Amino acid sequence: MSSLSHVDPEIAELIKAEERRQADTVKLIASENYVSKAVLEATGTVLTNKYSEGYAGKRYYEGQQVIDQIETLAVERAKSLFGVAHANVQPYSGSPANLAVYLAFANPGDTVMGMGLPFGGHLTHGWSVSATGKWFSSVRYGVRRDTGRIDLDEVRALALEHRPKVIFCGGTAIPRTIDFPAFAEIAREVGAVLAADIAHIAGLVAGGAHPSPVGHADVITTTTHKTLRGPRGAMVMASSDEHAKALNKAVFPGLQGGPHNHTTAAIAVALREASTDEFKAYAHQVVANAKALAEELSSRGFSLVSGGTDNHLILIDLTSKGVGGKPAAQALDRAGLETNYNAVPFDQRKPFDPSGIRIGTPSVTSRGMGESEMRQIAAWMDEVVTALSKEDADHADTVIARVHAEVSELTGKYPTPGLD
Ligand SMILES: *Cc1c(COP(=O)(O)O)cnc(C)c1O
């Protein structure tokens, strides 16, 4: 980054500081990952200079000789990796990808359905503060109180009662396998379009570590930067060509102008990486690590929503530990363990001060850590949370400092993809 250091030393220094921070922490944020050096390189290219509104072969600007080839490669790789008939790689991120689905299949005021935010759904699945909750009449389903799992009987009853145009399945804090065939049956029964939002699990689906929605969902949306290990971006896919035209029209010109071509190229690179046997092994290790982490946390008295995990993600209810999610996440971060506070189903506390934390294994697995490191991480989390619950600030500081030193020793042994 010699040019950057010269032109803008302030930003260059801050980027270096963030590089060090990412290398020195155990990143347990379930929605994050480390991209490869190849993906980073594709992102920082002259492709950012080019406007290319439209689609390959049908653009509104000249000079698309190269961009058309790049976008076509990205589309073909997405189709082949996920086994879909249609893929659009232009959405700027996951939220606009979901907006494209509404634009393609619903009109303002129509009824739509998705998982409620406090139960693990995404804002764009019709939550009240989101445009999708303001412009549509949104119906929300949740999980069962006794199992912490999606109540498919409730989903079906709500769908029959409200007859939504679009049903979203998938979410941001769901530790269990999504039953795509069951959702498809409900959607078919009420004549709704089923959209599977696999933003969190796309890498697991690609690697064969989670069932695929292909052949069940009418539309599949995903971010490219979570378990898929690509740049910040998104895709809209479809099992068949039936809705291809409507989806393309919704992305452009419906919602967006020019695609971010540097991102498209980096998506193509990530999709190539995700099609390797190495990536399949990665996806399965992500799940094995999450299971090991969940088991160790459970055995240490942590209460896990739904009792465990099938995927990359664990939602911890800290009520039994006598500590709130926010102070716990802050103390863990001081110890070098990066998490986010999160509401748990039927949370008695407020959204800005909820009862839980959400953790995940995509990033630590990308660094090459395995099950024994997961057990060590659970032990550290236990030490920090237990120290915090004693309400003795000096004692907590001492524990946090010692854990931080041990965390640094561990992170020093594992290379950071993209950096080392
Ligand atoms: C992350 C996520 C999104 C939104 O992605 P952004 O890129 O942050 O807009 C949408 N849906 C689900 C389920 C997600 O987890």
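No experiment lies behind these values; they were computed from the predicted model shown. Counting starts at 1 for both ligands and their atoms, in listed order.
For ligand 1, the atoms closer than 4.0 angstrom to any heavy atom of Asp197 are 10 (C), 11 (N), 12 (C), 13 (C). For ligand 1, the atoms sitting less than 4.0 Å from at least one non-hydrogen atom of Ala199 are 2 (C), 11 (N), 12 (C), 13 (C), 14 (C), 15 (O), numbered in the order shown with element in parentheses. Using a 4.0 Å cut-off to heavy atoms of His225, the atoms of ligand 1 that qualify are 7 (O). The atoms of ligand 1 that sit less than 4.0 Å from any heavy atom of Gly94 are 4 (C), 5 (O), 6 (P), 7 (O), 9 (O). Atoms of ligand 1 found under 4.0 Å from any heavy atom of Ser95, numbered from 1 in the order shown, are 4 (C), 5 (O), 6 (P), 9 (O). Residue Thr223 has at least one heavy-atom neighbour below 4.0 Å for each of these atoms of ligand 1: 5 (O), 7 (O).
Proximity of the aromatic rings of Phe168 and His122 is defined here by a centroid distance below 6.0 angstrom, and this criterion is not met. Aromatic ring centres of Tyr102 and His125 lie farther apart than the 6.0 Å criterion allows. In this structure, Tyr141 has its ring center under 6.0 Å from that of Phe183.
One finds no salt bridge joining Glu373 and Arg367 here, because no Lys/Arg side-chain nitrogen approaches an Asp/Glu carboxylate oxygen to under 4.0 Å. Salt-bridge formation is not detected for the pair Arg20/Asp24: no Lys NZ or Arg NE/NH1/NH2 atom is positioned less than 4.0 Å from an Asp or Glu carboxylate oxygen. Contact check on Asp146 versus Arg144 returns a salt bridge, with a Lys/Arg side-chain nitrogen under 4.0 Å from an Asp/Glu carboxylate oxygen.
From the protein, the heavy atom lying nearest to atom 3 (C) of ligand 1 is His122 NE2, 3.3 Å.
The side-chain heavy atoms of Leu28 and Met381, taken from C-beta on, include a pair separated by under 4.5 Å.
Ligand 1 lies within reach of Gly171, whose nearest heavy atom is under 4.0 Å from it. In this structure, Lys226 has a heavy atom closer than 4.0 Å to ligand 1.
Nearest to atom 7 (O) of ligand 1 by heavy atom, out of Ser93, Gly233, Cys169, is Ser93.
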